[in-house]
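First up is the structure itself, then whatever we jot down about it.
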Amino acid sequence: MINISFPDGNVRQYEAGTTAFEIANSISEGLARNVFSATVNGTLTDRDLPLQEDATIVFHTWRDQGGKETFWHSTAHLMAEALEAMYPGIKFGYGPAGRDGFFYDVEPPEGTTISSDDFPAIEAKMLELARQKNEYVRKEVSKADAIAYFKEKGDEYKLELLEDLEDGTITFYTQGEFTDLCRGPHIPNTGLIKAIKLTKIGGAFWRGDESNKQLTRISGISFPKAKELKEYLAMIEEAKKRDHRKLGKELELFMFSEKVGAGLPMWLPKGTQLRERLVNFLKVKQENAGYQQVTTPHIGKKDLYVTSGHWDKYGEDSFQPIKTPRVDEEFMLKPMNCPHHCEMYKFRPRSYRELPIRFAEFGTVYRYEQTGELHGLSRVRGFTQDDAHIFCTPEQVKGEFIAVVDIVKEVLNLIGFDDVTAQISLRDPQTPEKYIGSEENWKIAEQSIIDACKEIDMNTVTAFGEAAFYGPKLDFMVRDALGRQWQLGTVQVDYNLPERFELEYIGSDNATHRPVMIHRAPFGSLERFTSILIEHTGGKFPLWLAPEQFAILPISEKFNDYSTNVMQQLATHDIRGIVDDRNETIGRKIRDNELKRIPFLLIVGEKEVESGGVAVRVQGDGDKGTMSVEEFVAFFREQL
RNA sequence: GCCGAUAUAGCUCAGUCUGGUAGAGCAGCUGAUUUGUAAUCAGCUGGUCGGCGGUUCGAAUCCGUCUAUCGGCUCCA
């Protein structure tokens with residue numbers, strides 16, 4: 001007998017050789033039917049693998065991410081089977097499941113290309129194969145046999161993957177006519193896959209290496225029920241409607257111009273209003289938290305960035321240095337604000353008594369992002385960071401770090417993001433050459449982030465290899481209204497720049513010490529943050545951020561003067577808006593201003609003029625009846 | 001930067017395959033209408049068909065190149 005422990009702490013006894021499926025079945029048939037795979041002693045396995053020893057077990061169904069990924073991984077194999085049937089000689093690279101579906105990197109046979117036009121045919125073939133309810137059969141194979149199989153098949157990519165695998169750990173999975181090198185696990189049979197949608201096609205470098213050959217990546221998603229595919233497609237539709245590039249144009253928030261240059265956004269008046277409100281909001285928060293606002297120029301001598309290390313690390317990817325009439329003099333557009341702030345710290349000798357010093361700046365920086373990377377407002381070449389640098393003593397780091405995290409959480413919540421998590425981004429231990437600074441400093445910095453997060457009970461995940469080149473980071477992520485996760489701002493502890501700039505302070509011991517720097521930007525950049533805010537709200541901004549909070553719609557021209565009068569009254573209460581005095585029907589004015597996502601529409605005609613009121617309509621929610629101007633002001637305040 | 005696609009009026013798009021100097025709806029302008037809760041009616045204006053070069057008697061249409069955009073990849077201080 002073996003002891004099986006469950007996540008709720010229960011322990012039950014089973015015969016050795018019992019499978020996860022049988023164990024689930026002993027709990028409830030319903031559960032067993034839904035189990036796709038299981039995590040046994042921390043390892044993801046097939047539900048039908050016999051267990052020989054005591055184990056902890058977690059079942060995976062469609063309801064959890066592990067189950068979904070098992071399902072999608074199996075769908076990737078199903079797609080491979082379909083592709084092999086349709087394109088004989090096709091070669092397969094890497095075909096995993098991800099957070100949101102699956103993909104397979106393939107090399108179509110010489111002379112053929114696959115495009116999204118072929119998706120319907122591939123989907124149909126996949127469904128046809130799915131209906132055969134073929135079992136996913138696991139088989140342990142020797143390395144020699146595995147190599148022989150793929151040599152025979154002529155698939156050099158699988159052979160390359162095999163090189164890194166050890167004999168004795170290699171398994172094949174076969175369903176129907178298709179056999180793949182795979183660690184598993186898989187769902188029991190293809191019949192569970194009821195709905196399939198291929199979503200994307202594009203190039204992908206073999207093993208993610210730019211110097212390797214490009215394969216064709218075909219991505220898709222699948223579901224156990226057709227209804228779920230429908231819901232997914234509806235969500236995609238909604239995401240398209242909310243695309244910030246589309247709304248940015250429609251709501252006249254920002255624009256780009258081929259003549260000005262790619263990736264250089266220009267904020268139109270309404271976008272600028274929104275942006276200014278975000279800036280002022282944060283400025284007030286920061287001033288209350290002891291930050292001091294500073295201002296620095298947009299360029300600096302190349303030498304500044306040689307000192308900071310940015311030139312060495314990113315010189316190639318920057319806008320190239322600006323020459324002046326003087327020989328050998330070069331300036332750079334600033335890619336970061338920190339070097340300027342370091343120099344400001346050195347304005348005069350600093351005492352421990354004045355630390356921490358917190359310099360904040362909405363600093364516009366320029367980076368030459370790769371052409372293929374530019375994307376609306378979220379990836380641009382000129383953007384404004386809500387940047388600040390805190391110079392403090394080593395003892396103050398943890399306290400400052402915690403205060404920063406608090407401010408970030410508060411700010412994001414106030415703007416309407418409730419689901420905030422953080423990622424602790426540490427070095428990749430495999431590639432130490434990518435980072436500058438001493439081993440010792442890195443260790444201290446990484447540990448202080450980990451400790452601080454523990455202390456404030458922040459919901460975190462840890463990612464290796466995601467650190468900045470000069471220090472570890474804490475990256476903030478929010479989940480938007482459509483459930484998508486976005487990365488926003490960061491907090492970074494940096495022992496490096498203070499050293500490079502030889503920053504000092506005089507301690508209580510009258511000796512010189514080196515301060516520590518904390519970089520932080522809650523929004524990251526105003527551009528990126530705004531793009532996320534647009535998609536999160538679908539253009540229906542929180543009332544306090546809306547560029548126009550109301551529109552007054554006179555029933556006819558006769559009421560234009562009264563409308564202007566109401567607008568002026570509201571302005572005295574700091575409520576901003578417009579009068580739509582176009583010669584149009586009221587229905588038309590309502591439609592147009594609803595589409596502009598204006599929060600309140602105030603309709604005025606004969607009755608309102610007589611009573612001195614306004615008929616209030618809430619965006620997306622229809623008629624709220626007539627109110628006096630004072631009542632509306634109170635109503636407005638309530639909703640603010 | 002790499003792979004693939006796209007670029008026609010302010011916006012959304014047809015016309016491109018099968019070369020014969022452009023078309024719709026909305027927006028804009030003018031006029032009529034003076035409107036009560038998501039598009040009033042009529043008329044008019046508007047395009048070196050992304051730029052440059054080539055093939056051709058003739059190019060929005062075919063070819064090359066550059067720019068920009070889109071979907072991926074790589075990157076993201």
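Per chain, numbering begins at 1; letters A, B, ... match sequence-line order. As the structure is a computational prediction, the values presented were derived from the model and not from experiment.
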Nearest whole Å is fine: how far is B:A77 P from A:R528 CZ?
12 Å
Check the angle between the aromatic planes of A:F632 and A:F635 and answer parallel, tilted or perpendicular using the 30° and 60° thresholds.
tilted
Among residues at least two apart in sequence or on other chains, which ones pass ring pair (Phe, Tyr, Trp, His ring centres under 6.0 Å) with A:F501?
none
Spacing of A:N593 atom CG and A:F600 atom CZ [to the nearest 0.5 Å]
14.0 Å
For nucleotides B:U45 and B:A22, find the distance between their P atoms and express it as a whole number of Å.
16 Å
Sort out the partner of B:G43 for me: Watson-Crick or G-U wobble, both distances under 3.5 Å, none otherwise.
B:C29
Take atom P in B:U6 and the same atom in B:C13, then report the distance between them in whole Å.
14 Å
Any strand is fair game: report the nucleotide pairing with B:A59 by Watson-Crick or G-U wobble, both distances under 3.5 Å, or none.
none
Does any N or O donor sit under 3.5 Å from an N or O acceptor when you compare the side chain of A:R367 with the base of B:C75?
no
Answer with yes or no after comparing the ring centroid distance for A:H536 and A:F417 against a 6.0 Å cut-off, counting only values under it.
yes
Of the nucleotides B:C76, B:U35, B:G36, which has the atom closest to the A:K558 side chain?
B:U35
Take the protein atom CZ of A:F205 and the nucleotide atom P of B:C73, then report the distance between them rounded to whole Å.
11 Å
Just how far, in rounded Å, is P of B:C26 from CG of A:D592?
13 Å
I want to verify a distance call: between B:A77, B:G1, B:A38, whose nearest atom is closest to the A:K473 side chain?
B:A77
Sorted by chain and number, sequence neighbours left out, ring pair (Phe, Tyr, Trp, His ring centres under 6.0 Å) with A:W311 holds for none
Determine the interatomic distance between P on B:G36 and the same-named atom on B:U48; round to the nearest Å.
41 Å
Taking a pair to mean Watson-Crick or G-U wobble geometry with both distances below 3.5 Å, B:U48 pairs with none
Quick check for you: among B:A77, B:C73, B:G36, whose closest atom lies nearest to any side-chain atom of A:A468?
B:A77
B:G72, OP1 or OP2 - any side-chain N/O from A:K200 closer than 4.0 Å?
yes
Output every pair passing salt bridge (charged side-chain N to carboxylate O under 4.0 Å, His left out) with a member in residues 91-109 of chain A, not counting sequence neighbours, ordered by first then second residue.
A:K91-A:E156, A:D105-A:R217, A:E107-A:K213
Could you tell me whether A:I555 contacts a base, only the sugar-phosphate backbone, or nothing, with contacts defined as non-hydrogen atoms closer than 4.0 Å?
base
Pair listing, salt bridge (charged side-chain N to carboxylate O under 4.0 Å, His left out) test, anchored in residues 249-261 of chain A, at least two apart:
A:K246-A:E250
Residue pairs involving residues 110-119 of chain A (criterion side-chain hydrogen bond (donor to acceptor under 3.5 Å, both in side chains); sequence neighbours excluded):
none
Here the gap from A:I424 atom CD1 to A:T462 atom OG1, rounded to the nearest 0.5 Å, amounts to 4.5 Å
Using a heavy-atom cut-off of 4.0 Å across all strands, would you classify A:E584 as base, sugar-phosphate, or nothing?
base
Rounded distance in Å - CE (A:M477) to P (B:C76)
17 Å
Any A:K249 side-chain N or O less than 4.0 Å from OP1/OP2 of B:U12:
yes
Under 4.0 Å between any heavy atoms, over every strand shown, what does A:N593 touch: base, sugar-phosphate, or nothing? Just pick one.
nothing
Is any side-chain N or O of A:R217 closer than 4.0 Å to OP1 or OP2 of B:C73?
yes
What does A:G605 touch in the nucleic acid at a heavy-atom separation under 4.0 angstrom: a base, only the sugar-phosphate, or nothing?
base
P atoms of B:C66 and B:G4, separation to the nearest Å:
14 Å
Which value, in whole Å, describes the distance between the P atoms of nucleotides B:A59 and B:G20?
11 Å
Please name the nucleotide paired to B:A7 by Watson-Crick or G-U wobble geometry with both distances under 3.5 Å, or report none.
B:U67
Partner residues of A:Y104 under the ring pair (Phe, Tyr, Trp, His ring centres under 6.0 Å) criterion, sequence neighbours left out:
A:F92
How are the rings of A:Y157 and A:W206 set relative to one another: parallel (under 30°), tilted (30 to 60°) or perpendicular (over 60°)?
perpendicular
Would A:F469 and A:Y314 count as a ring-ring contact (aromatic ring centres under 6.0 Å, His included) if you check the C-alpha gap in whole Å, the side-chain angles of each, and the deciding distance to 0.1 Å?
CA-CA 10 Å; A:F469 73 95; A:Y314 292 104; 5.3 Å; yes
Atom pair distance, as rounded to whole Å: CH2 in A:W206 and C1' in B:C3:
17 Å
Expressed in whole Å, how much space separates the C1' atoms belonging to B:A9 and B:G25?
12 Å
Tell me which of A:E369 and A:S556 sits closer to the 5' end of RNA chain B, going by the nucleotide each one is nearest to.
A:S556
Hey, does the side chain of A:R588 come within less than 4.0 Å of B:U40's phosphate (OP1/OP2), counting only N and O?
yes
Do any pairs count as a side-chain hydrogen bond (donor to acceptor under 3.5 Å, both in side chains) and have a residue in residues 514-525 of chain A, sequence neighbours left out, and if so which ones?
A:Q286-A:R520, A:H389-A:H519, A:D494-A:H519
Do A:Q214 and B:C2 share a donor-acceptor pair, side chain to base, under 3.5 Å?
yes
On RNA chain B, more 5' by nearest nucleotide between A:P335 and A:E210 is A:E210
So which protein N/O to nucleotides 64-69 of chain B N/O distances come out below 3.5 Å?
| unit_1 | atom_1 | unit_2 | atom_2 | d |
| --- | --- | --- | --- | --- |
| B:U67 | O2' | A:E258 | OE2 | 3.0 |

Whole-Å gap separating P (B:U35) and CD1 (A:I603)
16 Å
Euclidean distance for P, B:C75 against B:C17 (whole angstrom)
41 Å
With a 3.5 angstrom cut-off on both distances, give the Watson-Crick or G-U wobble partner of B:U18, or none if there isn't one.
none
Taking only N and O in the side chain of A:T585, is any of them less than 4.0 Å away from OP1 or OP2 of B:U40?
yes
Quick one: label A:G372 by what it contacts on the DNA or RNA (base, sugar-phosphate, nothing), any heavy atom closer than 4.0 Å.
base
NA contact type, A:K589, heavy-atom cut-off 4.0 Å: base, sugar-phosphate, or nothing?
nothing
For nucleotides B:C52 and B:A38, find the distance between their P atoms and express it as a whole number of Å.
48 Å
Rounded distance (Å) that lies between atom C1' of B:A77 and atom CG of A:D475
12 Å
What nucleic acid atoms does A:H519 come within less than 4.0 Å of, heavy atoms only: base, sugar-phosphate, or nothing?
nothing
Would you say the side chain of A:E608 and the base of B:G36 hold a donor-acceptor pair, judged only by whether the two atoms sit under 3.5 Å apart?
yes
Once hydrogens and angles are ignored, does a donor-acceptor distance under 3.5 Å link the base of B:A39 to the side chain of A:R591?
yes
Proximity to RNA chain B (any heavy atom under 4.0 Å), residues of residues 612-626 of chain A only
A:A615, A:R617, A:D623
Length of the line joining A:L198:CG and B:G4:P, which is rounded to integer Å:
20 Å
